[in-house]
Peer 1: 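Here it is, the structure, as structure tokens.
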There are 2 protein chains.
Amino acid sequence: MTENDHSDPSRGADGLFNRSLARGLSVLESFRDADRPLSLAEIASRTGLTRSAAQRLVHTLRKLGYLTLADDGRGFLLNLPILDLTHDYLRMNPVLRRASPVLLELRRQVQERVDLSLFDGVRMVYATRLQSKREAFFATLVGHSVPVTGSSGGWAALALLPDAEIDAILARAPLRALTPRSLTDPDAIRAQIAAVRRDGHALALEQVLMGEVAIAMAISDPQGRPVGAVHIAGSLAEWQPEDFRRRMAPPLAAAIRSLRAA
Amino acid sequence: MTENDHSDPSRGADGLFNRSLARGLSVLESFRDADRPLSLAEIASRTGLTRSAAQRLVHTLRKLGYLTLADDGRGFLLNLPILDLTHDYLRMNPVLRRASPVLLELRRQVQERVDLSLFDGVRMVYATRLQSKREAFFATLVGHSVPVTGSSGGWAALALLPDAEIDAILARAPLRALTPRSLTDPDAIRAQIAAVRRDGHALALEQVLMGEVAIAMAISDPQGRPVGAVHIAGSLAEWQPEDFRRRMAPPLAAAIRSLRAA
DNA sequence: ACATCTGTATTGCTATCCGATACGGCTGCA
DNA sequence: TGCAGCCGTATCGGATAGCAATACAGATGT
């Protein structure tokens, strides 16, 4: 019985894995998509933990500051120290570090909203956001994500991948439509990717937000794999799509070029 | 020996505390102020963990996506899932939720940079940031923090507290100067707080950044305790400080007023 | 070629985490 | 006005899961 038999699967499987830490983080993650403070019972149910485990983990996270009891004493909420991690992540992110001056200069040139998003496999996650009066509260927040399938940056990123990989992503991607015009049909998305390969950039109409036109180019790592995208977004009330493309594509391309040099 | 003696202090002291989780989070926190990827040895040294513990914790965090091996295979870096927590935190933050529409409207009115920061006890932590060409990369990031003692928002927040509490904060606050003009002398800071109480707002000159004038008012909870501040920042190249104050104070006050009503 | 870093892997011991169970307070339905 | 059900909180014996020492392979840079 001291042998490595099935009585200790976790040992053979992954003896380095720390279950308590994983469970604790799953508590933090359980706030995904929550729209109000979560009670212990809700946390337990969302994470699959027992109420006891949730209690102990929440207690610990509270002592460390990551969670707080909501104002009315019912339910818990993520708390400020999260933003310290945010800052450390953003600050050390190699893509952002390189891109930041380029982004500011691009913004100065085009006088429209310039964003950077990071590629995740199936999503584009915004790492820098300009506030915009046209958008809803959530959408203006750092960490907001949109499907690769329905954003200019996503198409630009996908275009760098081999077709087989694109197929795999399209197969498992959520294909959630953010607007009535968001593409969800794989063939339509493949057509956009073909357009990116032809034009060198992606142009998207009302994929993320009605009334918005966006142009994007991908950022890649030295191996040529996509790691993110730079977007410029404008209003259809002010721009004809092709005018927007003609005006924005050159400075965007210049920005991406100088990014590659850096 | 089964008694609750000193051999088990953690039981009597805090039997609910999960040490593994705390240690795991301390690994994430160890990236604070790091300026390059951290090796296992560095993480161990920063956290006070053994190399073994650091290894297991890093392994786990890596499996969960929170850490990643740096590009060159030397050292680890915080990774994208951090931004998911960021988004969940910002999205559910009651202060931000209430303030967001007000911020956008204020921004529309004043056409200058409008930020919101959250009060921490000793720091003001930026929860929304507008990119600004005048500022360095780090300073434009969400999660960036400045001392309460040297920012308009900090003075505005402190002004809501009883003097005894202010003294306590001044005693333990870092008093780090961000510019040559940043106040660090407790009495000078107390004078600014007095000015806030008189004027209803804080006006700061070059406290966070040279060439910048900022005006701020605090946001408080129903008990009247400060939870954050709304800032408007302008350039001294374009504004005389008193002109800035006269122009910005009324719309700022209106914004804060409508926040209290909400 | 050696000293010294990386990150990775194994193992016996036992401290630490586990989860069932119980409690007092508050809400809201009856 | 009471009871049912939720809230967050507290306790405790048992054994699982985390612990730290130790060893290893590869890269770096003397």
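Since this is a predicted model, take the numbers as computed values, not measurements. All chains are named by letter (A, B, ...) in the order of the sequence lines, taking the proteins before the strands, and each is independently numbered beginning at 1.
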Peer 1: Measure the distance from CG on B/Asp14 to P on C/dT16 and round it to the nearest whole Å.
Peer 2: 13 Å

Peer 1: For every nucleotide of nucleotides 21-30 of chain D, 5' to 3': is a protein heavy atom under 4.0 Å from its base (B), only from its sugar-phosphate (S), or from neither (-)?
Peer 2: BB-----S--

Peer 1: Between A/Leu38 and B/Ala53, which has a closest nucleotide on DNA chain D that is more 5'?
Peer 2: A/Leu38

Peer 1: Do A/Tyr126 and A/Val142 have side-chain heavy atoms sitting under 4.5 Å apart?
Peer 2: no

Peer 1: Just the rounded figure in Å: distance from C1' of C/dT8 to CG of B/Leu61.
Peer 2: 17 Å

Peer 1: Once the angle between the rings of A/His59 and B/Phe17 is folded into 0 to 90°, is it parallel (under 30°), tilted (30 to 60°) or perpendicular (over 60°)?
Peer 2: perpendicular

Peer 1: So, is A/Arg23 near the phosphate of C/dC18, with a side-chain N or O under 4.0 Å from OP1 or OP2?
Peer 2: yes

Peer 1: Does B/Arg46 reach the main-chain N or O of B/Ser30 with its side chain, forming a donor-acceptor pair under 3.5 Å?
Peer 2: yes

Peer 1: Can you tell me how far P of C/dA9 sits from CG of A/Asn18, to the nearest Å?
Peer 2: 17 Å

Peer 1: Round to the nearest Å and state the distance from A/Leu21 atom CG to D/dG18 atom P.
Peer 2: 9 Å

Peer 1: Does a side-chain N or O from B/Ser20 land closer than 4.0 Å to OP1 or OP2 of D/dC19, or not?
Peer 2: yes

Peer 1: Give a yes/no on whether any side-chain N or O of B/Arg19 is located under 4.0 angstrom from OP1 or OP2 of D/dC19.
Peer 2: yes

Peer 1: Would you say that B/Leu83 contacts A/Leu90 through its side chain, given a criterion of any heavy-atom pair below 4.5 Å between the two side chains?
Peer 2: yes

Peer 1: What are the two closest non-hydrogen atoms of A/Thr128 and A/Asp115, and how far apart are they?
Peer 2: O-OD1, 3.3 Å

Peer 1: Would you kindly give the CZ-to-P distance between B/Phe17 and C/dT16, to the nearest whole Å?
Peer 2: 12 Å

Peer 1: Rounded to the nearest angstrom, tell me the gap between atom CG in A/Leu16 and atom C1' in D/dG18.
Peer 2: 11 Å

Peer 1: For B/Asp71 and C/dT6, give me the distance from atom CG to atom P, rounded to whole Å.
Peer 2: 18 Å

Peer 1: Could you go through the salt bridge (charged side-chain N to carboxylate O under 4.0 Å, His left out) check for B/Asp71 and A/Arg225 one step at a time?
Peer 2: CA-CA 13 Å; B/Asp71 292 336; A/Arg225 296 191 58 85; over 6 Å; no

Peer 1: How many Å lie between NE2 on A/His59 and C1' on D/dT11, as a whole number?
Peer 2: 13 Å

Peer 1: Would a distance-only check, ignoring hydrogens and angles, find a side-chain to backbone donor-acceptor pair under 3.5 Å from A/Asn79 to A/Gly65?
Peer 2: yes

